[in-house]
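Have a look at the structure below, then the notes.
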Amino acid sequence: IRDSQRRVHGGVDTEMAKVFAMASAGQEQTNLEKDINKFVLIISCFAVATGLLFFLVWVGWIRTAYPDYMNVPTLVASCFTVIVAYVPEGLPVSVTVTLSLIAQNLCKKYSILVSRLACVETLGSISVIASDKTGTLTQNRMSVRHVVCGAKLLEDTQIETDVFSRDLAFRVLEPAVLCNTAHFVLDDVRPPDEREVVRGSSAIDMAILRAFDKHWGADGYRKAQPILGTVPFSSRTKMMMTIHPIQESSNHLLICKGATDYLLQKVNKLLQSDGSEIPFTPEHQEEVSSSPLPPCLEGPVPGP
């Protein structure tokens, strides 16, 4: 590989060799393994020190005071006996059984399959696991089961049967489906749950699009309010914006979505579960920022 100064790099100096070295590096010891090794080292030092002390006592006192009490072969055997007596023979069994019980509990309670027992200590102290690997173990197919508005949790079946819930869910999902990068494949007239979405779309956008299309029909609604302009999401702005025309008006509708900490600074009204709007106060902002989930989702959520 040649660089800008015309030098040639080969062997272990190439980037591929560095990647291979990183991939073939051994796994780092867990905290539990380090603690056990430290404990074993301390026990070994005590054992060696005790055996050496026993030998010095024999040389300095027992050999002269009681010459017929112990000879050299008996001394060597006694020293090794004292050293071996320090070995915690039940430690491996105790640690293995304890970790196995904890791993079994994690599997039953949290559906976590532990591949290495030594990782149980670290895994057991985890309270939240955040993963963006949708599609690795799943089909990369999400669906909307509930719509949250204020402190009210609307199930998918309520949107179909209850008029008020349907109107409330529409007010929540309308901006979500307009400010959305997902699109159905043209000429696909299958049911919403089966319609194919253009590849490359976000799984969340796809789920919102299917949910809206199921209840109100996304194609016709989006054609009536087409996107006039788009500000794509970026790591600098932490948000995405779309501009839409307002029917029978010269004004335009600006819809924005993105990171909560950025958007909350621009919110001035809050949609309540009864359909009313109230001013968005700093108390509301603090409540939303400090709570990881809406109040209605902090317990068991009904449905699959």
Side-chain angles (χ1 to χ4, degrees), residues 134-135 138-228 230 233 239-249 251-258 260 263 267 269-278 288 293-304:
T134 301
T138 63
Q139 298 179 354
N140 195 24
R141 189 181 181 90
M142 302 176 68
S143 60
V144 176
R145 297 294 185 183
H146 306 87
V147 178
V148 179
C149 182
K152 188 177 182 65
L153 179 66
L154 305 177
E155 297 187 40
D156 186 65
T157 54
Q158 290 180 272
I159 301 175
E160 282 288 344
T161 57
D162 185 59
V163 177
F164 177 76
S165 298
R166 183 179 178 86
D167 179 67
L168 201 59
F170 177 81
R171 297 179 65 179
V172 175
L173 292 177
E174 178 193 17
V177 77
L178 291 178
C179 187
N180 195 313
T181 58
H183 296 276
F184 287 121
V185 175
L186 295 178
D187 301 327
D188 191 347
V189 294
R190 291 178 296 175
D193 293 340
E194 301 177 5
R195 295 183 67 182
E196 184 179 357
V197 180
V198 177
R199 292 186 177 181
S201 304
S202 166
I204 298 178
D205 287 346
M206 292 165 57
I208 295 174
L209 178 62
R210 286 196 175 97
F212 192 93
D213 187 62
K214 177 181 177 181
H215 298 288
W216 297 282
D219 293 337
Y221 189 81
R222 298 175 88 178
K223 287 181 180 179
Q225 291 185 292
I227 298 178
L228 301 179
T230 303
F233 181 88
M239 64 181 68
M240 170 188 174
M241 292 181 287
T242 57
I243 302 175
H244 306 265
I246 299 178
Q247 297 180 358
E248 302 179 357
S249 175
N251 297 325
H252 295 82
L253 174 64
L254 175 65
I255 303 177
C256 179
K257 69 176 182 180
T260 308
L263 294 182
V267 175
K269 288 186 179 181
L270 177 65
L271 179 63
Q272 295 288 88
S273 57
D274 58 358
S276 62
E277 297 181 358
I278 61 175
V288 174
L293 291 174
C296 53
L297 289 180
E298 291 182 349
V301 178

Handout entry: Stepwise side-chain contact (heavy atoms from CB on, under 4.5 Å) test for M240 and T230
Key = CA-CA 8 Å; M240 170 188 174; T230 303; 4.1 Å; yes

Problem - Derivation of the side-chain contact (heavy atoms from CB on, under 4.5 Å) call for H244 and I227 - result: CA-CA 5 Å; H244 306 265; I227 298 178; 3.4 Å; yes

Practice task
Test Y221 against L178 for side-chain contact (heavy atoms from CB on, under 4.5 Å), laying out the working first.
Solution key: CA-CA 9 Å; Y221 189 81; L178 291 178; 3.9 Å; yes

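The salt bridge (charged side-chain N to carboxylate O under 4.0 Å, His left out) contacts involving residues 216-228 comprise R195-D219, where partners must be two or more places apart or lie in separate chains.
Atom OG of S202 is separated from atom CD1 of I208 by 8.0 Å, given to the nearest 0.5 angstrom. Separation of atoms CG (L154) and NE2 (H146) is listed at 9.5 Å; rounding is to 0.5 Å. Distance check: E277 CD to L271 CG gives 6.0 Å after rounding to the nearest 0.5 Å. From M206, atom CE reaches atom CZ of F184 across 9.0 Å, with rounding to the nearest 0.5 Å. Rounding to the nearest 0.5 Å places CD of Q247 at 11.0 Å from CG of L253. The line from CD1 of I246 to CD of E248 is 11.5 Å long, rounded to the nearest 0.5 Å.
Heavy-atom minimum distance, Q225 versus P245: NE2-O, 3.7 Å. In plain terms, the two heavy atoms of C256 and M239 that are nearest each other are SG-SD, 3.5 Å. A207 and M142 get closest at one heavy-atom pair: CB-O, 3.4 Å. Nearest heavy atoms, A211 versus H215: O-CD2, 3.1 Å. The two residues D162 and S165 make their nearest non-hydrogen contact at OD2-OG, 2.7 Å. Across every non-hydrogen atom of L168 and Q272, the tightest pair is CD1-O, 3.9 Å.
The backbone N or O of I243 lies less than 3.5 Å from no partner atom in the side chain of H252, so there is not a single donor-acceptor pair. In this structure, N180 contributes its side chain and D205 its backbone to a donor-acceptor pair below 3.5 Å.
In this pair, W216 and F170 present their aromatic rings perpendicular. The plane angle is above 60°, beyond the 30 to 60° band.
I204 CD1: 12 or fewer foreign heavy atoms inside a 6.0 Å radius.
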